[in-house]
Amino acid sequence: MGEEAVGPVVLGATADLPDRVWIEAARYARLFGRDLVVAYVDVTRFVTYADPDGVEHSAPIDLNLAAGRAQADAVRARAENLLAPDAWTMRSLVGDPAMALKDLADQVDAVMIVVGTRRRGFGETLREFFTGSVAARLAHRQHRPVLVVPLEEPLADADDPWVE
């Protein structure tokens, strides 16, 4: 049997991630007695190389560098608004979201990774067709639990097929 992870809960965050996902990630961090790492992945940049000491260098796919910085700032603002002070840290990552979150989780020995489901709509369906679901790719490419929080509100009890 492998050793149990001792690190934080990692939240894959975007500026428009619904409050529900933030709250669930914070709740699980509290339940496990762990810190929460809010991870924003800038998909407009990619890793060009890594130094021997692990420092990654990146380059932009798009020359609009301000857009990536603005998104990271918006994620930080959401965290400051929704989470208790001193209960979280933020990490800005680059590249493929699933691989970046997996690598971060490995680095910090995360106890779990929390992500939201995809939004509904044709654009999101098309994006997922080409890039795949971050949650599904995470679940298939690493060993730690992945909590996928639905973006929609829960069903009322009358609509729940499991309730008599």
Side-chain angles (χ1 to χ4, degrees), residues 4-5 7-47 61-62 67-84 87-163:
E4 186 176 318
V9 171
V10 171
L11 167 63
T14 60
D16 61 349
L17 189 66
D19 293 358
R20 182 177 186 198
V21 183
W22 292 85
I23 292 165
E24 285 298 315
R27 186 170 74 87
Y28 274 89
R30 262 192 326 275
L31 286 171
F32 292 142
R34 308 302 169 107
D35 293 331
L36 178 64
V37 175
V38 175
Y40 165 70
V41 183
D42 184 348
V43 296
T44 68
R45 298 183 67 81
F46 64 96
V47 176
I61 294 170
D62 182 358
R69 279 191 224 117
Q71 284 296 311
D73 290 344
V75 169
R76 180 175 298 282
R78 290 289 312 282
E80 289 170 349
N81 185 44
L82 291 170
L83 304 173
W88 59 277
T89 57
M90 185 167 161
R91 296 281 296 269
S92 290
L93 311 169
V94 298
D96 173 78
M99 295 309 294
L101 291 171
K102 176 203 174 299
D103 290 345
L104 174 62
D106 288 344
Q107 290 170 17
V108 299
D109 196 23
V111 68
M112 75 183 320
I113 301 170
V114 179
V115 294
T117 58
R118 71 175 180 83
R119 296 197 182 294
R120 292 184 181 172
F122 178 74
E124 280 301 307
T125 302
L126 187 62
R127 183 198 60 77
E128 188 172 283
F129 174 77
F130 286 108
T131 63
S133 161
V134 171
R137 291 176 54 226
L138 275 170
H140 288 77
R141 287 185 168 83
Q142 50 83 53
H143 65 279
R144 63 191 31 86
V146 177
L147 175 63
V148 182
V149 180
L151 302 183
E152 303 298 320
E153 289 301 315
L155 296 172
D157 285 345
D159 297 331
D160 190 343
W162 303 106
V163 174

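Gln71 CD to Arg76 CZ: the interatomic distance, rounded to the nearest 0.5 Å, is 14.0 Å. Note that CG of Asp103 is 9.5 Å distant from CG of Asp96, once rounded to the nearest 0.5 Å. Rounding to the nearest 0.5 Å places CD of Gln107 at 8.0 Å from CG of Leu93. Rounded to the nearest 0.5 Å, atoms OG1 (Thr89) and CG (Leu36) are 7.5 Å apart. From Met112, atom CE reaches atom CZ of Arg34 across 11.0 Å, with rounding to the nearest 0.5 Å. How far CG of Asn81 is from CG of Asp19: 8.0 Å, rounded to the nearest 0.5 Å.
Between the side chain of Arg91 and the main chain of Tyr40, no donor-acceptor pair closer than 3.5 Å is present. Glu24 places no side-chain N or O within donor-acceptor distance of the main-chain N or O of Arg20, the cut-off being under 3.5 Å.
Val115 has its side chain out of reach of Leu147: every pair of non-hydrogen atoms, C-beta onward, lies at least 4.5 Å apart. Ile113 is listed as a side-chain neighbour of Arg144, based on a closest heavy-atom distance under 4.5 Å. Contact annotation: the side chain of His143 approaches that of Asp106 to within less than 4.5 Å [non-hydrogen atoms, C-beta and beyond]. Looking at heavy atoms from C-beta onward, Val37 lies out of side-chain contact with Trp88 at the 4.5 angstrom threshold.
For Asp16 and Arg78, the salt-bridge test fails: no basic side-chain N is under 4.0 Å from an acidic carboxylate O.
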Could you go step by step and tell me if Val114 and Val149 meet the side-chain contact (heavy atoms from CB on, under 4.5 Å) rule?
-> CA-CA 7 Å; Val114 179; Val149 180; 3.9 Å; yes

Are Leu17 and Leu11 close enough, and set up right, to give a side-chain contact (heavy atoms from CB on, under 4.5 Å), and what steps lead you there?
-> CA-CA 11 Å; Leu17 189 66; Leu11 167 63; 4.0 Å; yes

Run the numbers on Leu138 and Leu101 for side-chain contact (heavy atoms from CB on, under 4.5 Å), then give the verdict.
-> CA-CA 8 Å; Leu138 275 170; Leu101 291 171; 4.1 Å; yes

Would you please test Val75 and Val38 for side-chain contact (heavy atoms from CB on, under 4.5 Å) and show each step?
-> CA-CA 8 Å; Val75 169; Val38 175; 3.9 Å; yes

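Of all the heavy atoms in Leu83 and Ala26, the pair that sits closest is CD2-CB, 3.7 Å. Residues Pro97 and Val41 share a closest heavy-atom pair of CA-CG1, 3.8 Å.
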